[in-house]
Chemist: 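What follows is a structure written as C-alpha cells; I'll ask about it next.
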Amino acid sequence: MNFSRPMPRRHRKPQLDQRYLFQLRIDLHRARPPIWRRVEVWSDITLNVVHDVIQAAFDWDDVYLHRFALGNMPFDDRAEQFVCEYEAAQPDAAVADLWDGHVRLDETLQAPVARLVTARGAAPPEDCGSLRTAQELATVIEDPTHVDVDNIHAALEALQQWVTRS
C-alpha cells in the first residue's frame, strides 16, 4: 500500500510543539433529542485513533468505513479528506485523499487519553438504519436515555492500552 502520496495542506495546521489534552464533543447529526459524548484525548493521536475513540464512546463495533474532512462536508471536493486505511488503499482513491493514520489530531484542531467526560442519550445500534428520535430509538433499544458509562469506560481503557503499546 502506498500512503505516501503528496497531500496539499489546504486546511491542516502544523503539529503542536508539545502535547495537550483536548476535550471533544461528538454529536450525532440531527439526533432529537441530542445524542452526544464528550471525551478527552491527547493532541498527538492520529485521526484513525480518534475514529476508534468515537467507536468506543458510542459502544459501536467499527463495521462501516469512515472519513474525516476539514473545510467542508466529508464528500465535498473543497474539503481536505482524511480517509480510512481501506479507502486510501483502493486503486481509484483520489490523489488528494490521505490515510487518516498519517494525520494527527493537533493538525486539525488547535485549542489548548481518551476519557468519557459526559454523555447524553443512548447511542443507536450501529446498524439500525439511522434512527435518531427517542420514539424511533425506543423501537430498537429498551431505554433511549440510558448511557452505559461502565461499558464505554472499559472500551476506552482497552483502546488506551492498545494505543500505548503501539
Side-chain angles (χ1 to χ4, degrees), residues 1 3-4 7-31 33-76 79-89 96-128 130 132 145-166:
M1 289 185 235
F3 297 123
S4 60
M7 173 69 172
R9 288 170 91 66
R10 294 182 285 179
H11 301 285
R12 281 194 303 170
K13 298 161 179 43
Q15 294 177 355
L16 296 172
D17 292 336
Q18 64 184 50
R19 191 178 203 212
Y20 292 93
L21 189 63
F22 283 7
Q23 188 175 103
L24 306 177
R25 178 172 160 157
I26 305 153
D27 288 77
L28 293 186
H29 187 56
R30 296 186 189 147
I35 299 171
W36 54 268
R37 305 291 185 260
R38 183 168 287 134
V39 297
E40 292 177 340
V41 294
W42 290 109
S43 59
D44 60 349
I45 64 172
T46 56
L47 293 181
N48 62 326
V49 175
V50 172
H51 167 74
D52 292 339
V53 168
I54 293 168
Q55 293 294 301
F58 284 98
D59 197 22
W60 290 339
D61 295 322
D62 194 17
V63 296
Y64 293 103
L65 300 178
H66 67 277
R67 69 172 50 201
F68 293 91
L70 288 177
N72 224 321
M73 297 303 289
F75 295 97
D76 189 307
E80 191 171 357
Q81 306 286 328
F82 311 109
V83 299
C84 65
E85 183 175 13
Y86 175 83
E87 191 174 351
D97 290 349
L98 182 67
W99 177 44
D100 61 5
H102 286 173
V103 181
R104 287 176 24 165
L105 180 61
D106 62 4
E107 293 178 83
T108 65
L109 302 172
Q110 298 228 348
V113 168
R115 179 175 76 94
L116 181 68
V117 178
T118 55
R120 178 176 178 182
E126 205 164 353
D127 197 16
C128 70
S130 190
R132 295 286 193 260
T145 64
H146 176 71
V147 177
D148 190 346
V149 174
D150 292 336
N151 199 35
I152 292 169
H153 279 295
L156 289 171
E157 183 176 321
L159 178 62
Q160 177 69 28
Q161 291 173 0
W162 177 81
V163 169
T164 304
R165 285 191 300 259
S166 298

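Heads up: numbering here begins at 1 and tracks the sequence.
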Chemist: Which heavy atom of T46 sits nearest to which heavy atom of G101, and what is that distance?
Modeler: CG2-O, 3.4 Å
Chemist: Answer whether the closest heavy-atom distance between the side chains of R67 and D100 falls below 4.5 Å.
Modeler: no
Chemist: Which value, rounded to the nearest 0.5 Å, describes the distance between D61 atom CG and E126 atom CD?
Modeler: 5.5 Å
Chemist: Indicate the atoms forming the closest heavy-atom contact of D44 with R19, along with that distance.
Modeler: OD1-NE, 3.1 Å
Chemist: Give the minimum heavy-atom separation between I35 and A122, together with the two atoms involved.
Modeler: CD1-O, 3.4 Å
Chemist: Let me confirm one number: the CG-CD distance from D106 to Q15, rounded to the nearest 0.5 Å.
Modeler: 5.5 Å
Chemist: Would you check if the side chain of Q81 reaches a backbone N or O of D76 as a donor-acceptor pair within less than 3.5 Å?
Modeler: yes
Chemist: Can you run down the salt bridge (Lys or Arg N to Asp or Glu O under 4.0 Å) pairs that involve residues 20-30, sequence neighbours left out, and say none if there aren't any?
Modeler: R25-D27
Chemist: So which heavy atom on H11 is nearest to which on E80, and how close?
Modeler: N-OE1, 2.6 Å
Chemist: Would you sort out whether Q23 and V117 count as a side chain to side chain contact (heavy atoms under 4.5 Å, CB included), showing the intermediate values?
Modeler: CA-CA 8 Å; Q23 188 175 103; V117 178; 4.2 Å; yes
Chemist: Rounded to the nearest 0.5 Å, how far apart are CG of D148 and CG of L116?
Modeler: 10.5 Å
Chemist: With the side chain counted from C-beta on, respond yes when L105 and L47 share a heavy-atom pair under 4.5 Å apart, and no when they do not.
Modeler: yes
Chemist: To the nearest 0.5 angstrom, please state how far the OH atom of Y64 sits from the CD atom of Q55.
Modeler: 11.0 Å
Chemist: When the ring planes of F58 and W60 are compared, do they come out parallel, tilted or perpendicular, using 30° and 60° as the limits?
Modeler: parallel
Chemist: Do V103 and R12 have side chains that get closer than 4.5 Å, going by heavy atoms?
Modeler: yes
Chemist: What are the two closest non-hydrogen atoms of E107 and H102, and how far apart are they?
Modeler: OE2-O, 4.2 Å
Chemist: Between CD of E157 and CD1 of I152, what distance do you get to the nearest 0.5 Å?
Modeler: 14.0 Å
Chemist: Is Q18 close to L16 at the side-chain level, that is, under 4.5 Å between some pair of heavy atoms?
Modeler: no
Chemist: Using the side-chain contact (heavy atoms from CB on, under 4.5 Å) definition, which of the options F22, F82, F68 pairs with V50?
Modeler: F68
Chemist: Looking at CG of L28 and CZ of R37, how far apart are the two atoms once the value is rounded to the nearest 0.5 Å?
Modeler: 7.5 Å
